[in-house]
Amino acid sequence: MTEKIRRYTLKRAPKPQKQYRVQYENELNSEQLDVVMAGEGPLLVIAGAGSGKTRALTYRVSRLIEDGVDPSEILLLTFTNKASREMLSRVEQLVTIDTRRIWGGTFHSIGNRLLRQHAATIGYRPSFSILDAEDAKEMMESAISSLGIKTLEKRFPKGDVLLDIYSFLINTRTPLELHLEQNFPHFAIYKEEMINVFRAYKERKREANAMDFDDLLVNWKLLLEEHADVGEALKRRFRYILVDEYQDTNKLQAEVVDGMASVRGNVMVVGDDAQSIYSFRGASFENIITFPLRFPETKIYKLEVNYRSTRQILELANRSIANNRFQFRKELQAVRGDGPEPAVVGVDDVFEQANFIAQRILELRDEGESLGEIAVLYRSHYQSLELQMELSRRLIPYEIRSGVRFFEQAHIKDVIAYLKIVVNGRDELSWKRVLKLYPKVGEKTAAEVWAKISKAGDPLDAFLRGAGPSPGLRPPSPGGRGAGGEGRGISASLQSLRSILQLIGSESMQHNPSETIRLIVERGYGDYARAKFPNAQARLDDLEQLSQYALRYDGVGAFLEEVALANPLAGEDVAVVGPEDEKIVLSSVHQAKGLEWRIVFLLGLADGRFPSARALRVPGGIVRVKPNEVHAAFELTSALMEVPGGEPVAEHEIIIPGEEEERRLFYVAITRAKQELYLVFPVMARDRGGMDVLMEPSRFIRELPGEVYEKWVIGNE
């Protein structure tokens, strides 16, 4: 008789579902919920624009605490203390704990807290001082002085410029020679002297028991790598590490994070590779793009639901960024309804561009839009010059987010002061401003020069004929140099000024303000700017644009009148329609990241302007990978591993085109808009000789399919 058998399986009783105080399923979308509930191990969260990354981070911290993680074992690294405070305040509201036990703050503030505990390990006292930017500048200048470098006799970089160079080297691990070659070729002859200054600067900091901001990270990394006992303790101290805005980290910050996560491995970095736009500050795109290679067990999550923009704006943004080869692919999805098609607007030149934007802003205001919900964005600050003038003429109030108003910037006022002198020789303020730009000429000498020439009927003529202070009467300098040497230095400076004033004061130059401005820059002010300002090239770009703007005028006097009449209207006494604080925003795209407006105008979209010509010449980054660094979830592996010729290599260096960061910048600009987007490009520009030249629309416009925008054609009445 055959035995009948039925198999019966005993199932485990289901685990009781964890009951959380916070209703995560109700308060988060599915993408955010996956991030918040993710388990242990390295996590990379690619958070698209407007996708609620801060919410995901905040709720993950709350969930960890609800799961019993000791708050003191959580490290939250942010880029501003404000962001950290806001996140921790929200956590406190969600789970009602004292969030002061969580280690939350900027990289530098956390580094400071850790170094106070372990200062002796690296040869400091716990009471070490932290140098702010001004303190660090003074100490750098003291180091220059101690080496006897004659900065007043040659264009050796000033303290803040040197500090900027030094900080870039520290944070990016870039060799000095390479940095000078790429960004400061005019300082290459001073390389050895700069190295000696940097050494002296480090010694002075150590002697003073002081650290600058960069030291807070350098010494943190030192503890991790060169002091085994302390380093191991630090690596085990935090059970969970979370990093916000990871795409903006530099190499030093990434090395610190990697070191801190090297034992436990529970590190979650949140960012958007498509919004990595700060390489000029030292941010490293490679950090986020190679994270899965450095942490092979990485799980990748994407936040693609966008709460900010209309479907039409996001479709254009998606189609644009798809042209970048090196990225984590994603498609932003709109929660908001439909809106108008983005407008692509071709205009004749920068003046018609300004007219169009100003007129359209007034129309939008009449349609009920708030001026405070309108922004005009641009690649570089100088591109806003014509628009600022047009807004002032039309009494449209505005504020600048990318710096002070164009004509209020120091370098613009410096150059205009030269023009004022040749038009009005009795302008005391302009005389003193210009005089103090020259080596060895300070407040006292400038006052002496003015006292002498002001007595003449024509102060400019008196100065050109040699009027000035009496060198032989000057006392010895504090540095011990006699009156003769000091006097000769002053005389040389005054003679240099006489030469340029003689040139720009000529009859022909009086009728050519554009060329006059160029002469001032070429005959000395350009060298002054390079030695004085860390962002010298941006300032020289401003001055070139000022020269271009001046082409419209046939006399220096007429140009100065226009500047004087337009500029006050940009101040606080502008007639404001509506709330007193209602102004449109003018901003560079870099300054606008993280912000949003209902209506955005993006101007100057011509090749060579946006993308900038310089950015197209410089690589956008270098990624070094090995053939065995393959990760199933890492979408870039195939692109990164394409080796020319197909030859196997131990390590392959991938150079990312500079165009890719420029396209990311374009993407950031687009995704600032919630409802309406205007992409404006001028088709004509003036060259240095005043001739009209044709410009191509930006490649970022040309590569867009026609169905994602509406083309506007400008006509005139």
Side-chain angles (χ1 to χ4, degrees), residues 343-364 374-398 400 402 405-407 409 412 416 419 511-518 541-570 574 584 586-588 600-610 612 678-698 701 711-717:
V344 170
V345 188
V347 292
D348 284 348
D349 55 26
V350 290
F351 301 103
E352 186 168 271
Q353 175 176 256
N355 281 328
F356 164 71
I357 293 173
Q359 178 176 309
R360 186 67 189 129
I361 286 170
L362 292 175
E363 291 170 350
L364 289 165
I374 301 174
V376 183
L377 307 181
Y378 36 79
R379 173 65 178 80
S380 300
H381 191 41
Y382 74 81
Q383 292 176 299
S384 69
L385 167 58
E386 294 80 12
L387 180 61
Q388 288 188 48
M389 299 291 278
E390 189 62 31
L391 294 174
S392 297
R393 289 190 196 100
R394 298 191 188 220
L395 300 182
I396 300 174
Y398 66 89
I400 305 285
S402 51
R405 294 180 175 91
F406 191 87
F407 289 106
Q409 298 175 100
I412 301 296
I416 285 178
L419 304 184
H511 295 288
N512 193 341
S514 176
E515 191 59 29
T516 300
I517 291 167
R518 285 207 181 95
D541 288 344
D542 286 348
L543 292 170
E544 175 58 28
Q545 188 66 18
L546 183 69
S547 174
Q548 291 280 347
Y549 185 80
L551 283 168
R552 305 177 76 193
Y553 302 90
D554 58 9
V556 172
F559 171 69
L560 290 175
E561 285 174 17
E562 174 77 359
V563 171
L565 289 173
N567 205 36
L569 296 176
V574 174
I584 69 164
L586 272 58
S587 174
S588 69
V600 167
F601 294 84
L602 182 56
L603 60 74
L605 285 167
D607 253 18
R609 307 291 174 87
F610 196 164
S612 78
Y678 298 86
L679 306 176
V680 190
F681 65 92
V683 297
M684 301 294 290
R686 290 274 179 92
D687 64 14
R688 290 175 66 97
M691 300 293 291
D692 287 333
V693 294
L694 194 63
M695 292 195 296
E696 271 200 290
S698 170
I701 288 179
K711 186 175 182 180
W712 285 31
V713 178
I714 302 297
N716 293 295
E717 289 184 346

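When reading the values below, keep in mind they use all heavy atoms of this one structure, side chains included, and skip hydrogens, waters and symmetry mates.
- The distance from atom CG of Leu543 to atom CZ of Arg518, rounded to the nearest 0.5 Å, is 11.0 Å.
- Looking at every heavy atom in both residues, Val347 comes nearest to Phe356 through CG1-CB, 4.4 Å.
- For the pair Ile361 and Ile584, the minimum side-chain heavy-atom distance is below 4.5 Å.
- You'll find the side chain of Gln409 reaches within 4.5 Å of the side chain of Asp542, heavy atoms only.
- The minimum heavy-atom distance between Ala550 and Pro513, with the atom names listed, is O-CG, 3.6 Å.
- Across all non-hydrogen atoms, the minimal contact from Val683 to Phe681 is CG1-CE1, 3.6 Å.
- Residues Pro682 and Ala606 share a closest heavy-atom pair of O-CB, 4.1 Å.
- In terms of the side-chain contact (heavy atoms from CB on, under 4.5 Å) criterion, residue partners of Arg394 (sequence neighbours excluded) are, by chain and number, Asn355, Ala358, Gln359, Leu362, Glu390, Ile396.
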Next item on the list: Might you work through the side chain to side chain contact (heavy atoms under 4.5 Å, CB included) test for Met695 and Asp607, ending with a clear yes or no?
Entry: CA-CA 7 Å; Met695 292 195 296; Asp607 253 18; over 6 Å; no

Item checked: Candidate pair Val345 and Ile357, rule side chain to side chain contact (heavy atoms under 4.5 Å, CB included), full reasoning -> CA-CA 10 Å; Val345 188; Ile357 293 173; over 6 Å; no

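- Rounded to the nearest 0.5 Å, atoms OH (Tyr549) and CD (Glu386) are 7.0 Å apart.
- Of all the heavy atoms in Leu586 and Ser384, the pair that sits closest is CD2-CB, 4.3 Å.
- For Glu696, the side chain to side chain donor-acceptor pair (under 3.5 Å) test picks out no residue, with sequence neighbours left out.
- Cation-pi geometry between Arg552 and Phe351 is met: the NZ or CZ atom falls under 6.0 Å from the ring centre, inside 45° of the normal.
- Here CG of Leu364 is found 5.5 Å from CZ of Phe601. Values are rounded to the nearest 0.5 Å.
- Looking at Leu385 and Phe407, their side chains come closer than 4.5 Å, going by heavy atoms from C-beta outward.
- For Glu352 against Asp348, the heavy-atom pair with the smallest separation is OE2-N, 2.8 Å.
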Next item on the list: Start with the C-alpha gap between Leu605 and Val680, add the side-chain angles, then the distance that decides, and say whether side chain to side chain contact (heavy atoms under 4.5 Å, CB included) holds.
Entry: CA-CA 6 Å; Leu605 285 167; Val680 190; over 6 Å; no

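- Side-chain atoms of Gln545 do not come within 3.5 Å of backbone N or O of Asp541 as any donor-acceptor pair.
- The ring pair (Phe, Tyr, Trp, His ring centres under 6.0 Å) test applied to Phe610 returns no partner, not counting sequence neighbours.
- To the nearest 0.5 Å, the span separating OG on Ser612 from CZ on Arg379 amounts to 4.5 Å.
- We find the CG-CD distance between Leu603 and Gln353 to be 4.5 Å, quoted to the nearest 0.5 Å.
- Not counting sequence neighbours, Thr516 has no partner by the side chain to side chain donor-acceptor pair (under 3.5 Å) test.
- Remark: the backbone N or O of Ser547 is paired with a side-chain donor or acceptor of Ser514 at under 3.5 angstrom.
- Other residues, nucleotides and ligands contribute only 12 or fewer heavy atoms inside 6.0 Å of the CZ atom of Arg609.
- Here Tyr382 pairs with nothing under the ring pair (Phe, Tyr, Trp, His ring centres under 6.0 Å) rule; sequence neighbours left out.
- Between the side chain of Gln388 and the backbone N or O of Phe406, at least one donor-acceptor pair lies under 3.5 Å.
- Take Asn512 and apply the side chain to side chain donor-acceptor pair (under 3.5 Å) test, not counting sequence neighbours, and it matches no residue.
- Leu391 is not listed as a side-chain neighbour of Val376, based on a closest heavy-atom distance of 4.5 Å or more.
- The CG atom of Leu602 sits 9.0 Å away from the CD atom of Gln383 when rounded to the nearest 0.5 Å.
- When side chains are defined from C-beta on, Phe559 counts as touching Leu546, because their heavy atoms get closer than 4.5 Å.
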